[in-house]
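Let me begin by presenting the structure, written as structure tokens, before commenting on it.
Values reported hereafter were calculated over all heavy atoms of this structure, with side chains retained and with hydrogens, waters and symmetry mates removed. Residue numbers begin at 1 in each chain, while the letters A, B, ... track the order of the sequences.
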Number of protein chains: 2
Amino acid sequence: MSIDAISRIRRFNRAVTAEVGALDTSFLGRGRPLGSARVLNAIGHGRGEVGAIRDYLGLDSGLLSRLLRGLEEEGLVVTLPHPGDARRRVAALTEAGRREFSAYEALSNDRAGDLLARFPKGEELLRAMDLVATALGRDRIAIEEADPRGEPARHCLAAYYAELGRRLSTGFDVALSRDPEAADMMRPRGAFLVAVSDGLPIGCVGLKGKGGETAEIKRLWVCPSARGLGLSRRLMEAAEAAAREIGIAVLRLDSNSALTEALALYRRTGWVEIDRFNDDPYPDFFFEKRL
Amino acid sequence: MSIDAISRIRRFNRAVTAEVGALDTSFLGRGRPLGSARVLNAIGHGRGEVGAIRDYLGLDSGLLSRLLRGLEEEGLVVTLPHPGDARRRVAALTEAGRREFSAYEALSNDRAGDLLARFPKGEELLRAMDLVATALGRDRIAIEEADPRGEPARHCLAAYYAELGRRLSTGFDVALSRDPEAADMMRPRGAFLVAVSDGLPIGCVGLKGKGGETAEIKRLWVCPSARGLGLSRRLMEAAEAAAREIGIAVLRLDSNSALTEALALYRRTGWVEIDRFNDDPYPDFFFEKRL
DNA sequence: AAAAATAACTGACTTAAGTCAGGTGAATGT
DNA sequence: ACATTCACCTGACTTAAGTCAGTTATTTTT
């Protein structure tokens, strides 16, 4: 490791520190100290409860109180008692606060847009950023249950179908496959899990139940930039845990021989190959696992 | 641009802000405010002159003075008058200062090493970081003259030779090619230029003269992560400017048909194809340009 | 029902960081 | 030779950020 690994990472750090500093400076342009701006943005991004803001920004309780008072005096924020617990308080943006929040959003978005516009190799840059963000934030990848019809799930599923289309020699058309009803992938019959890294969905898996003691695993997908980190394994474990919770005894899944990593994972984690159990045109491998 | 481009960049920003913050916090662990630590590190990295430190860190003159006094009182730094101009002062680390500096270096390096060790896809991550750093720092890419035998030049040349080996169907062995004498690529006969981004060499070009009014362009190379940004054009322009300075009237170069981007660049920028002018085994294209 | 725990708050601090108006001695221009 | 410019310095500020002990109103525990 001479001019390489370490110095490449440190060069990256310098470049990125400068960028972060520049964004902070642009935030200062709205005439408000950074601390207040960060609180305003935390509220704008849906963090209403005072305790949640404190945790997210790592602020002292006294300091946050004062920052909130400041924003209230500016007329940007109101705080109300928490409906279920009168000790806590919930902050919300006023109309003026929402305008101010949008202005900060616009600053961030413009910077991001500029960067992309200035750099000729946009998609390549985005992929590199995804990879770096995943590497830096990998302890913060959370697996959450989500509505299979919601925006994060749809984002994953669209990527999943696109990838199947590329990888299956036959192409892939959702309409021809047995598209699970959303209700089959929601409690109490099933579940849909999304892996989220810093707010961006980067993987998913569906557990499709029919109310009986058998359920199917569907739509296991991990974003290319997050592969090789054991995320599909974590997703499968979470899906199995959810299956146990709703009283499933036997899990099944179908897959395609083109998806070699997936097949290897199933074999490694206790799944056994069984006979075809449906007449879906795409799968050619069928597995079962008893919980 | 829904869940895409902009939100991917902003996710990257969040991940990276957290990382930068964590590094700063680890620096705080040595019991010194960040400002002092940054000054100490700037000196350790060879920025001795007070004015240079000020520019680099963007500090107010008074503030820097005080920080320097503080470091002097700690016994980490001494400042001496500038040898050629007694108004200026030059700061240098004492023995204790060098120890302290190494401790900061170790903190940075450990963080970088940890990241690499934790992430299974190391080389891929490094390439992604290079690309992002280049994209963020592209206005800061500087073209500098360097000793062709120095570390930055050797780093570029090694990468250049390796790439030729991959791209030429015949492979490439430096010993068989006419390796220019270093003195031919230094003033007053020639020059060697290196493109530096944030301290890391990412491209080079050699101007090889024999003392006459003809010179050759050699060893044009740009790091893969920095391609597509017009850097080779900038390098060539800088080489031509250097050639004019040392009184060259005619430039020549040889190239290989496998290096298509290079050939396209030469044709676009006023070079004309000429007959073979050497018996080097690798090139099969020969160009000339009158200045 | 009283005691303990909790969430947010207020007041009284400290520290870091930055600004700005001079001041000193050395170099430079005419 | 003199005024001007320059590089760094000191003193006197301001602001932002953060700490900490103690208060109040509420909820939870016993």
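- Atom CG in B:Leu59 sits roughly 13 Å away from atom P in D:dC9 (whole-Å rounding).
- Applying the side-chain hydrogen bond (donor to acceptor under 3.5 Å, both in side chains) definition to pairs two or more places apart or across chains, those involving residues 28-40 of chain A are A:Arg30-A:Glu100, A:Arg32-A:Glu74, A:Arg32-A:Glu100, A:Arg32-A:Tyr104.
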Measure all distances between protein nitrogen or oxygen atoms and nitrogen or oxygen atoms of nucleotides 9-13 of chain C, and list the pairs falling under 3.5 Å.
residue	atom	partner	partner atom	Å
C:dC9	OP1	A:Arg69	NH1	3.0
C:dC9	OP1	A:Arg69	NH2	3.0
C:dC9	OP2	A:Ser65	OG	2.7
C:dC9	O5'	A:Ser65	OG	3.1
C:dC9	O5'	A:Arg69	NH1	3.3
C:dC9	N4	A:Ser61	OG	3.4
C:dG11	N7	A:Arg66	NH1	3.0
C:dG11	O6	A:Arg66	NH2	2.7
C:dA12	N6	A:Arg66	NH2	3.4

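- Contacts between residues 23-40 of chain A and DNA chain C, counted as heavy-atom distances below 4.0 Å, involve no residue at all.
- For the pair A:Leu71 CG and C:dA8 C1', the computed distance is 16 Å after rounding to whole Å.
- Rounded to a whole Å, the CG atom of B:Asp55 is 10 Å from the P atom of D:dA7.
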Any protein N or O atoms within reach of nucleotides 24-30 of chain C? Criterion: under 3.5 Å, listing atom names and distances.
residue	atom	partner	partner atom	Å
C:dA27	OP1	B:Ala86	N	3.1

Show me the donor-acceptor pairs, under 3.5 Å and distance only, between side chains in residues 47-58 of chain A and residues at least two apart or in other chains.
residue	atom	partner	partner atom	Å
A:Glu49	OE1	A:Arg88	NH1	3.0
A:Glu49	OE2	A:His82	NE2	3.4

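- Annotation: salt bridge (Lys or Arg N to Asp or Glu O under 4.0 Å) contacts involving residues 14-26 of chain B, sequence neighbours excluded, comprise A:Asp198-B:Arg14, B:Glu19-B:Arg111.
- Partners of B:Ser108 according to the side chain to side chain donor-acceptor pair (under 3.5 Å) rule, which considers only residues two or more places apart in sequence or in another chain, do not exist here.
- Shown here are the ring pair (Phe, Tyr, Trp, His ring centres under 6.0 Å) partners of B:Phe101, two or more places apart in sequence or in another chain: B:His45.
- Shortest non-hydrogen contact noted between B:Ala238 and B:Ile143 is CB-CG2, 3.9 Å.
- With sequence neighbours left out, B:Ala128 forms a side-chain contact (heavy atoms from CB on, under 4.5 Å) with A:Ala128, A:Leu131, A:Val132.
- For the side-chain contact (heavy atoms from CB on, under 4.5 Å) test, residues two or more places apart in sequence or in another chain that qualify with B:Ala146 are B:Val194.
- Rounded to whole Å, atom C1' of D:dT28 lies 13 Å from atom CZ of A:Arg88.
- Partners of A:Glu145 according to the side-chain contact (heavy atoms from CB on, under 4.5 Å) rule, which considers only residues two or more places apart in sequence or in another chain, are A:Arg187, A:Ala191, A:Leu193.
- Residues satisfying the side-chain contact (heavy atoms from CB on, under 4.5 Å) test with A:Glu240, not counting sequence neighbours, are A:Arg244, A:Leu251, A:Trp271, A:Lys289, A:Leu291.
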